[in-house]
Each structure stands twice: as structure tokens, then as C-alpha cells.
Amino acid sequence: MDLVKNPFLLTLCLEALPHVVRNRSNLSRLRVTRVQLYDTFVQHWIRVNKRRLQDLKLSGDKFLAFEELLEDGFEQNGMRFQQDLAATIFREQQGRPVVEYIHKRDRSSWKALFFSPDHEITLLRDASLLNRVGTQYRFVHRSILEYFYSCTMYTPSENNDKFAPHPRVDSSDVGNHPLSQRNLVAEPSIIQFLVERVQLDPGFKRQLLAFIEQSKTDEHAACAAANAITILVKTGVSFNNADLRGIRVPGADLSGGEFDSAQLQEADLAGVNLTRSWIRQADLSKARMEEVKFGELPFLEEDVIVGCIAYSSDGKSFAVGLEGGNINIYDIANWTMTRTLEGHRDRVSGTAYSPCGEQPLSGSWDRTVRLWNCKTGLTDTILEGHTHYVNAVAFSPAGNQIASASDDKTVRLWDSRTGSVIFVLQGHTGCVNSISFSLDGRSIVSAGEDSKIQIFDTYSGQMELVLETTAGVRCVAYSPDGLRIIAGNDDGDLQLWESATGESVKRLKGNNGRICAVGFSPDCQWIASSSTDRTVTLWEARLLIPVSVFVGHFGLVGSVIFSPNNLQLASGSWDGTVRLWDVTTAGAGLSSVANQSDEIWSVAYSPDGRSLISGDRSGTVRQYDVATGESGPLYSCGFAVKAIVFSPDGRRIAAAGSSNDFKTWNVDTGVDEYVLHGHRNWIEALAFSPDGQMIASGGMDSTVRLWNALSGVADRVLAGHDNIVVTVAFSPCGLQVVSGSKIGTVQVWD
């Protein structure tokens, strides 16, 4: 189903499916794999182009070259040509799909092997699945590049197919085998192609097992063995009771694998991902275990019950509220305690940071709410008025209001600057356990033991909506986009509503105890819930299905929260620990990149998805490798970067921001190309046209401007907005530009 969502891949499926299902009477039992579709499509493509060349009535040297290819096997040569090109792109360009070839400049480089005017090369290139735009070549779709690269690693167990990839490399020269060239963990599409090869050809499984066995005595086989065991684990091969002593598989992805009672003594498992793996009674004696991932990060251990936790808005500090009334502040960079806030006389039950991240807020069973000074560690303001335990506190998004919920059945709104009460919100008939502000700060939602969720207007103090549940509500939260409300109940269920209408979306069952805490990730991709059953559950927010259950606490898990970068989940428990969980390995299997020293205002992926660029307030643009998180080239713009984009070929970057000008520079050389002048105020938005020939910019001068991306010359000014232009985009055909302004108008331009 994923294939048919893309127009090109839908075409591929429609072309290949009739051949795959031919002579099959019972289609309901037919399992169609992606690799079968690609095999069939590619073979058909080469045959069609072979017939096309035969019909062209070639002459001279080109005809002789074609005859030689026919004699040697045109189809086989066509496959080998594309496999070699794919392998070279990964070796020479780290998988960047676009190859630029200028004959005079590149005729002595590796590119000439595939793009020179030589007759044989031209014939094979013309019959290949390649697109050309000017001097730039690329496979028609990235998955085609990945398919051909995967073919270089697979040899059919019975090599009698004229479309067979390269002959198998001798095992004694394993270091030169395609499986030894790079770690494939960051290439899930290639892994999937090879997984399906194993399912279709048992002989390939034996080849992969041979690499693992060879790694015991040959250190040069380590990379191939790591890839081999990754593929086999993803195929579902069990390694229970297996003799894996001394294997070298550094960096392998063994998540979800079966290794119960496996013999792994002295194995090299450095950097291996063992998340959700079965390793009961596995013998890991003297194994190398540096950087092994178990899906759980190191944890903090306190002496008493952890009542609540909170991240600062900048993600640099972490507050832990404790049973005895203290609040410990940690530096996230090294997880060392930097300060203890003392003043409460009973359990700290709620904590939060101000939006600027400089002022911690806390609520306690001593019936008070406190605002703290981070620098001195002293209380700035004590907010008094509740007549029973305070269970939860929250800052409004603007930071001008504070909310507190209590066992006295009320929610109080306070002025954060003066400490005075603005409203006492009443309506609950039982203890109020949880509160959350909407994204715009105009509403606050509260949940209580009376099985009611109430929404109040923060400007008037009036009740707007009441939502009924089937059990007492322990926790409630708005989604970061403000569109949904989620609540956790005493019966272990989660409930979602549309915040605007109060319409119920879904009821989720997933915990065996009452829900203690719930929250959305900042990007709205995940939902996390914690429970009295000592677990933390991660949910996919769009499909509303459970993804992972994190086990590790030995007591009630009373609080759970996402890090601002969406990558980690923190949970606090009555067992006195705070545990950190890696969301990415449980969900999408991505990796994080380093932080910059200032606020990041803009980010963009390269077209091939392998690089990430970010621009910050100080004017620094940094490039990252998405797979490893390693920082690459650094550029300085001289202005706060509010918009940043890659050109479609990934060779150029354009950046704009707190300046009337914007810059473009060459990714390969890091050299500035142009500084484009014309806007009369800051520039808010940039976009390249699909062919990379033009750049559109929009800014605070209310104009959209078009530029020649190759010369840096202004093309035209599109005037029509009455306010700041905050976003621009080209249509896929490149014939239209759409722009949006701050006052809510969208304009489409020819």
C-alpha cells in the first residue's frame, strides 16, 4: 500500500503486477513482495528499451557497439551497468542521487564510466532508468537507486538467471564484498529489499550466515556480518541457543531479535541496538558492549518518591519534585544536579517552567504554589488561597497566567507578575487532578475525580464546555496544536476529544492500572501515558495505536513528559527514579543531531534526506549527517536565519532572515555564490522552483520577489499582499507560486 501512494511507484506496480500474478488462480493466497515488483518492472523496462534500440536502425560504430552488447547479453549488461552506477553513487557520493557530468571537466573521473559519450556507455545509459536535466543525471526514483544497490549484495543460490546480479565475491576477499562497504542500518529501504530476498531464496540466508560465522576469525568481515545479522533479524530468523561466540557485528540493528540462551561470549556488540530483543539467559561474558542501546537511557535515582517532573522550554534543565518538599534541578547536558529548591513543607505534586525557561513553578500538598528564582534558588512569590492539596500547576503559553488545581475542587488562575488571584474556577464536585492550557492561552481544561472534564475561558472565567467520562479523570492535556484534548481515567483508558466541538474521537485501552499522567510530544506525533501498573505506553497519535510499552520502574509511574526535541521521554516514579526512554528506537528508528548554541529558527532536509541544515538566531548555519548526527560544514550569514532551503539537486543552499538581503552558496565548496538585494525589510520565506532555476522570496515589505537562481539577478516583484509575507512555495510544475501573509490571505501567482 505504501508503494501505490506515489505516482511513479503506482505506475511501477500497474506495470509489474500482471506478470507477477500470471497463471495464479487463487490470488487471495498470493503474497506479493516489493522486490518481486521491482525485479519484474526492471526486466520489462530493459527488454522494451532493447527492442526500441533495435527498431532505431543504428549505424556505424554505434551499431557495432549494440551488436556486441546483444552478443554478450544486452539485458545482463543493462543490469550490471545500473548496479555499478548505484554502487558508485553510494561509494563516491554517500548516496546523494544527483550526478552532475560535464565531459570536459569530468572525463577523467569515475563519472565518465557512466556518462561519457562512448557508444556502449550511451546505449546502456539510454536503456536505463535514469532521468537527465541539463548536465544532471539521477535514477527516476530514489527507490530504484536503492533497489540496484541492494542487487549488488545478492547472488541467487542457483545462478542461471540472465538477469542475475554480479557473481559472488570469494569469501576470502570479504572486505571488498558490497556488504562490507557501509553499514546499512541507516538504509531501511535497502534492508527491506534484502529481507525479501531471504524470504524468497533460502540460499541467500545461508550466504548471510556464512558472513557471521566468518567474522569470528576474520575482523575484515565485521561490517558484512553486522549487515547480515541485521537482515536476518528483520527477516524473523531466530538465534535462540545459537553459538555466536566471538562474532563481530558492531553497529548491527538487532531490535526485536530472538537471542534467548545465545552464546555471545567475547562477541563485538559495540553500538548494537538491542531494543525489544529477547536475551534471556544469553551469555554476554567478556562481550564488547560500548554504546549498546537497550531502548532505555540512564536514569536518575532519588531517595524518596518522585511526585512530578518538568523540562525547561529550552530543553537544558530538568526539574524533579519530591515527596519531602524539595525540587532538584538537573543539567541535561550531563545529568548532574545543579541546585535544590527548598521551601515546601510537603510533597511537591506539580512543577512547570515559565515559557522563557527561567522561572520554575511548583505546587505542593502544603496547599501553596511557589515561583522560584533559578539563579538564587530562592522563592520569588508564594501563592496562597487553596484550602487543600495542590495537585497540578501550569503556565499559560504567554507566561502571564499561572493555573493551579486542588483537592478543594477548584482551579485558580493567578497573575504571574503580581501573584494575585484572577479567577477561582468552580464546577467540579470532586478533587481536581490535572490542568492544561490551550495553545493560544484562551482556554484551560481541567479534569477531576467527578468524571468530568471542564473547559474554561481564561479571559472571562466562564465555563465553555463539559465533557463526561465513565470514570474518574487523573490527567488531561491539550495537543500542542490545540486541536485535541486527551484524558487518562481511573479505569486505565485514554479518551480523546475534538477541543472545538467536544466531540469524542476515540477511547484507547492499553494500561492495566489507572492512568496517572498523559501528554503529547511537541510535534504531535506521539502520545505517552503512565500508569499504576508501573509502565509507560507510547502511542502513535495519528493512528491511535500503541507502539511500545516501556518497562523498568518498580513503582507507580506518576509523571511522564517528552523532551522539547521529541526524541526522549522522561518518566518519574514512586520507586524514586526518573527514567529516560529513547522514543526514536521505539518508534521510527531515527537518530538525533547535536544542538546549536542559539535558538534554531529554521531547518531543512536535503532532497535525498541524508543531510539536515539549520539556521539560528546568531546567523549560524550548520549542516548535519542525519544518519550519524555528526555536524558537518558551518556557515555564517551575518543575520538571524528565518528561512533556509536546499536547491532540488542538493548542491546549493539559500538562507534569509533579519536582513533585506539573502545569500546562496555552494554545498560542495562552501563558497558564497550570491548576495541578492531588493527587499526593503526582513525576509521571512524562501523557495526554489522544482527545476532549481528560480528562487521565490517573501518578506516584511509585503512583497514576493522572483530571482534567477543561476545568476542572482532579480526577475520580478509580485505586489498584492497588505501584510507580511510569511510563506512561499512553487507548484510541482513550477508554473505557479503561492504566498501566504500574516493576516490570513493566500495568493496564487502565474
>> I'd like to know whether CD of Glu67 has more than 12 heavy-atom contacts from other residues, nucleotides or ligands below 6.0 angstrom.
In response: yes
> Within 45° of the ring axis of Phe193 and under 6.0 Å from its six-membered ring centre, is that where the NZ or CZ of Arg34 lies?
Replying inline: yes
> What's the shortest heavy-atom distance between Trp665 and Asp672, and which atoms?
Replying inline: CB-CA, 3.6 Å
>> Are the side chains of Leu124 and Arg80 in contact, using a 4.5 Å heavy-atom criterion?
In response: no
>> Please determine whether side chain to side chain contact (heavy atoms under 4.5 Å, CB included) holds for the pair Arg182 and Tyr149, giving the CA-CA distance in whole Å, both sets of side-chain angles, and the decisive distance to 0.1 Å.
In response: CA-CA 11 Å; Arg182 64 191 296 115; Tyr149 188 47; 3.2 Å; yes
>> I'd like to know whether Ser238 forms a side chain to side chain donor-acceptor pair (under 3.5 Å) with Glu258, so could you lay out the CA-CA distance, the side-chain angles of the two residues, the decisive distance to 0.1 Å, and finally the verdict.
In response: CA-CA 5 Å; Ser238 172; Glu258 298 177 13; 3.2 Å; yes
> Is there a side-chain contact between Glu187 and Phe90 (heavy atoms, below 4.5 Å)?
Replying inline: yes
> Are the side chain of Asn227 and the backbone of Leu184 linked by a donor-acceptor contact shorter than 3.5 Å?
Replying inline: yes
> Should the ring pair Phe41 and Trp45 be called parallel, tilted or perpendicular, given that the plane angle runs from 0 to 90° and is split at 30 and 60?
Replying inline: tilted
> Under a 4.0 Å N-O cut-off, is there an ion pair linking Glu673 with Arg651?
Replying inline: no
> Tyr101 vs Phe115 aromatic rings, parallel, tilted or perpendicular, using cut-offs 30° and 60°?
Replying inline: tilted
>> Distance check, rounded to the nearest 0.5 Å: Leu232 atom CG versus Phe239 atom CZ?
In response: 5.0 Å
> Going through the distances and angles, do Ile695 and Thr664 end up as a side chain to side chain contact (heavy atoms under 4.5 Å, CB included)?
Replying inline: CA-CA 10 Å; Ile695 300 174; Thr664 66; 3.9 Å; yes
>> Measuring from atom CG of Leu244 to atom CZ of Phe259, what distance do you get when rounded to the nearest 0.5 angstrom?
In response: 6.5 Å
>> Looking at every heavy atom in both Arg652 and Gly692, which two are closest together, and how far apart are they?
In response: NH1-O, 4.2 Å
> Is a salt bridge present between Glu75 and Lys50, judged by a nitrogen-to-oxygen distance below 4.0 Å?
Replying inline: yes
> So, does Ser606 use its side chain to make a donor-acceptor pair with the main chain of Gly650 at under 3.5 Å?
Replying inline: no
> Hey, is the main chain of Thr33 close enough, under 3.5 Å, to the side chain of Gln36 for a donor-acceptor pair?
Replying inline: yes
> So do Leu53 and Leu69 actually touch side chain to side chain, heavy atoms under 4.5 Å?
Replying inline: no
> So among Pro97, Pro607, Ser189, which one has a side chain to side chain contact (heavy atoms under 4.5 Å, CB included) with Arg142?
Replying inline: Pro97
> Taking Gln181 for the side chain and Gly175 for the main chain, is one N or O donor matched with an acceptor at less than 3.5 Å?
Replying inline: yes
>> With a 3.5 Å distance limit and no angle check, can you tell me whether Glu219 reaches the backbone of Ser215 through a side-chain donor-acceptor pair?
In response: no
>> Return the OH to CZ distance between Tyr137 and Arg125, rounded to the nearest 0.5 Å.
In response: 4.5 Å
>> In the structure I gave you, are the side-chain heavy atoms of Val667 and Gln623 within less than 4.5 Å of one another anywhere?
In response: yes
> Taking all non-hydrogen atoms of both residues, which atom of Gly256 and which atom of Ser277 are closest, and how far apart?
Replying inline: N-OG, 3.5 Å
> Do Lys111 and Ser116 have a side chain donor and acceptor closer than 3.5 Å?
Replying inline: no
>> Apply side chain to side chain contact (heavy atoms under 4.5 Å, CB included) to residues Leu686 and Ile644 and explain how you reach the verdict.
In response: CA-CA 7 Å; Leu686 290 174; Ile644 192 165; over 6 Å; no
> Are any non-hydrogen side-chain atoms of Tyr147 and Ser143 less than 4.5 angstrom apart?
Replying inline: no
> Below 4.5 Å, heavy atoms only, C-beta onward: do Met79 and Phe148 meet side chain to side chain?
Replying inline: yes
>> For the CG atom of Leu129 and the CG atom of Leu85, what is their distance to the nearest 0.5 Å?
In response: 11.0 Å
> Below 4.5 Å, heavy atoms only, C-beta onward: do Arg197 and Ile231 meet side chain to side chain?
Replying inline: no
> So, Gln214 side chain and Ala221 main chain: donor-acceptor pair closer than 3.5 Å or not?
Replying inline: no
> Is the ring centre of Phe662 less than 6.0 Å from the ring centre of Trp707?
Replying inline: yes
>> Pair Ile89, Val99 - check side chain to side chain contact (heavy atoms under 4.5 Å, CB included), show working.
In response: CA-CA 8 Å; Ile89 287 174; Val99 181; 4.0 Å; yes
> Minimum heavy-atom separation for Ser180 to Cys223, with atom names?
Replying inline: O-SG, 3.6 Å
> Taking all non-hydrogen atoms of both residues, which atom of Leu113 and which atom of Phe81 are closest, and how far apart?
Replying inline: O-CE1, 4.1 Å
> Hey, what do you get for CZ (Phe211) to CG (Leu179), rounding to the nearest 0.5 Å?
Replying inline: 5.5 Å
> Are Asp649 and Arg138 within salt-bridge range, i.e. N to O under 4.0 Å?
Replying inline: no
> Going from OG on Ser150 to OH on Tyr38, what distance comes out if it is rounded to the nearest 0.5 angstrom?
Replying inline: 10.0 Å
>> Restricting to non-hydrogen atoms, name the atom on Lys104 and the atom on Arg107 that form the minimum distance, rounded to 0.1 Å.
In response: O-NE, 3.9 Å
> Taking Ser548 for the side chain and Leu538 for the main chain, is one N or O donor matched with an acceptor at less than 3.5 Å?
Replying inline: no
> Can Phe646 and Phe688 be said to form a ring-ring contact (aromatic ring centres under 6.0 Å, His included), step by step?
Replying inline: CA-CA 8 Å; Phe646 271 102; Phe688 271 97; 9.2 Å; no
>> If you define the side chain from C-beta out and look only at heavy atoms, does anything of Leu17 sit under 4.5 Å from Leu37?
In response: yes
